[in-house]
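Notes for the one structure printed next.
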Amino acid sequence: VVAVEAEPHVCAAARAIVAANGFADRVILEGRHSSALDLAPRACLVVSEILDVGLLGEGVIPSLEHAFEHLLGAGARTVPAGATVHAVLARVPPQPYPLNFNLAAKADGGPAGAAETRGVVACGLDASPLAYPDWHRYSGCRLHELAHELCSEPWEVFKFDFGRDAGTAGQADGGAAGAGARSGEAGGTGDGADGPRARRRTATFRVPLTAGSHRGAPNAVVFWFTLHLDETDPGADVTTAPTNSQSCWGQAIQLFPEDLTAEAPEDEGGAGPAPESSQAA
């Protein structure tokens with residue numbers, strides 16, 4: 001068994017645990033990133049946890065791509081085997097906690113919309129230069145701790161087969177709307193011709209808004225994932241959904257630069273807008 005840990009303190013603790021349990025003669029611990037390794041003979045299994053609340057942010061896809069090229073033999077398996085990402089639209093009112101990004105009210109004390117939450121005011125002082133465009137990244141949260149209103153039902157966004165997508169550079173299955181996405185579009189380094197940015201795909205969804213959500217247009221998307229540890233055993237799935245209070249992960253939330261616009265589509269007879277409960281974003 002070859003174990004890999006790039007963080008020195010964690011690596012030292014892992015080495016002590018291996019020795020304390022009598023596995024020092026069977027476990028080789030490498031104190032560096034897996035991308036610096038090249039194994040011979042090749043391994044038949046890789047077990048990894050290179051995941052953040054948004055799934056791909058720690059670089060699981062490029063790490064596994066390297067593993068299939070330099071560390072694993074033919075027919076090697078991955079644990080987890082894959083993952084499915086789900087999302088839901090939400091209306092999040094101004095609040096300083098538990099969000100990691102600024103969502104304070106405007107300086108004049110008025111309500112703050114999605115585009116008005118970027119300023120930083122502390123003790124009456126304007127510290128706006130510290131503000132950053134939060135809509136360019138997501139943050140971690142636990143939805144049950146967050147004041148919010150759900151504006152849609154959850155929907156399936158992407159599926160990832162880590163063995164196929166990383167091992168054969170294939171494309172991930174589309175979500176419920178049939179849109180495809182290359183799994184290497186996030187979480188890694190390199191923006192050249194063969195880098196993750198060059199392999200990005202965009203999926204577009206039309207999401208029905210739930211009845212009553214007209215009180216506030218969606219200003220955020222909350223998303224989470226379900227890990228498929230074994231592709232043959234659904235009972236081995238692990239989810240970070242808001243319904244799983246035992247998960248060490250929370251959910252990911254990303255604000256929109258502007259509130260989404262709700263559309264009321266024409267009904268089938270062309271007589272006018274559909275009922276309010278049929279609005280979509």
Side-chain angles (χ1 to χ4, degrees), residues 51-58 83-107 109-121 128 130-158 175-177 179 181 185-187 200 202-226 239-245 247 249-264 276-281:
L51 310 169
D52 70 339
V53 292
L55 183 67
L56 303 183
E58 291 187 6
T84 301
V85 178
H86 289 85
V88 66
L89 294 177
R91 178 72 184 178
V92 181
Q95 56 195 290
Y97 176 85
L99 297 180
N100 294 328
F101 42 71
N102 179 50
L103 200 61
K106 293 189 295 183
E116 298 170 332
T117 60
R118 312 304 166 194
V120 177
V121 178
S128 296
L130 292 175
Y132 51 86
D134 302 317
W135 56 88
H136 288 166
R137 69 175 189 176
Y138 57 81
S139 181
C141 74
R142 291 192 179 273
L143 191 58
H144 72 275
E145 297 179 353
L146 191 64
H148 69 281
E149 176 191 7
L150 296 183
C151 300
S152 74
E153 295 295 330
W155 78 93
E156 184 179 296
V157 182
F158 296 126
E185 70 177 83
R200 288 187 176 182
T202 299
T204 302
F205 300 93
R206 184 176 179 82
V207 182
L209 299 183
T210 53
S213 60
H214 62 280
R215 292 191 298 272
N219 66 351
V221 60
V222 180
F223 56 101
W224 58 90
F225 58 86
T226 297
T239 184
T240 67
T243 53
N244 182 12
S245 60
S247 173
W249 288 290
Q251 294 76 50
I253 182 170
Q254 184 163 356
L255 293 177
F256 300 137
E258 299 290 344
D259 295 352
L260 290 190
T261 300
E263 301 174 356
E276 190 172 50
S277 60
S278 297
Q279 288 186 333

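Quick caveat, the model's predicted, so the values are computed rather than measured. The chain is numbered in sequence order, starting from 1.
Applying the side-chain contact (heavy atoms from CB on, under 4.5 Å) test between Trp224 and each of Thr84, Ile253, Val85, Val88 identifies Val88 as the sole match.
Residues Cys151 and Arg91 share a closest heavy-atom pair of SG-N, 3.6 Å. The minimum heavy-atom distance linking Arg137 with Gln254 is given by the pair O-CG, 3.6 Å. When all heavy atoms of Ala252 and Tyr138 are compared, the closest pair comes out as CB-CD1, 3.9 Å. Shown here for Ala87 and Val157, the closest heavy-atom pair between the two residues is CB-CG2, 3.6 Å. Shown here for Asp259 and Ala217, the closest heavy-atom pair between the two residues is CB-CB, 4.1 Å. Closest approach of Thr239 to Thr226, counting heavy atoms only: OG1-OG1, 3.2 Å.
Asp52 contributes a side-chain N or O that, together with a main-chain N or O of Gly57, makes up a donor-acceptor pair within less than 3.5 Å. Checking side-chain atoms of Gln251 against main-chain N and O of Val222 turns up no donor-acceptor pair under 3.5 Å.
A 4.5 Å side-chain heavy-atom check between Leu55 and Phe223 finds every atom pair outside the cut-off. Taking the side chain as every heavy atom from C-beta outward, Glu58 and Leu51 never approach each other to under 4.5 Å. Using a 4.5 Å heavy-atom cutoff, the side chains of Leu89 and Leu209 are in contact.
Between Phe225 and Trp249, the two ring planes are perpendicular [angle over 60°; tilted spans 30° to 60°].
Atoms CZ and OG1, on Arg142 and Thr240 in that order, are 9.5 Å from each other to the nearest 0.5 Å.
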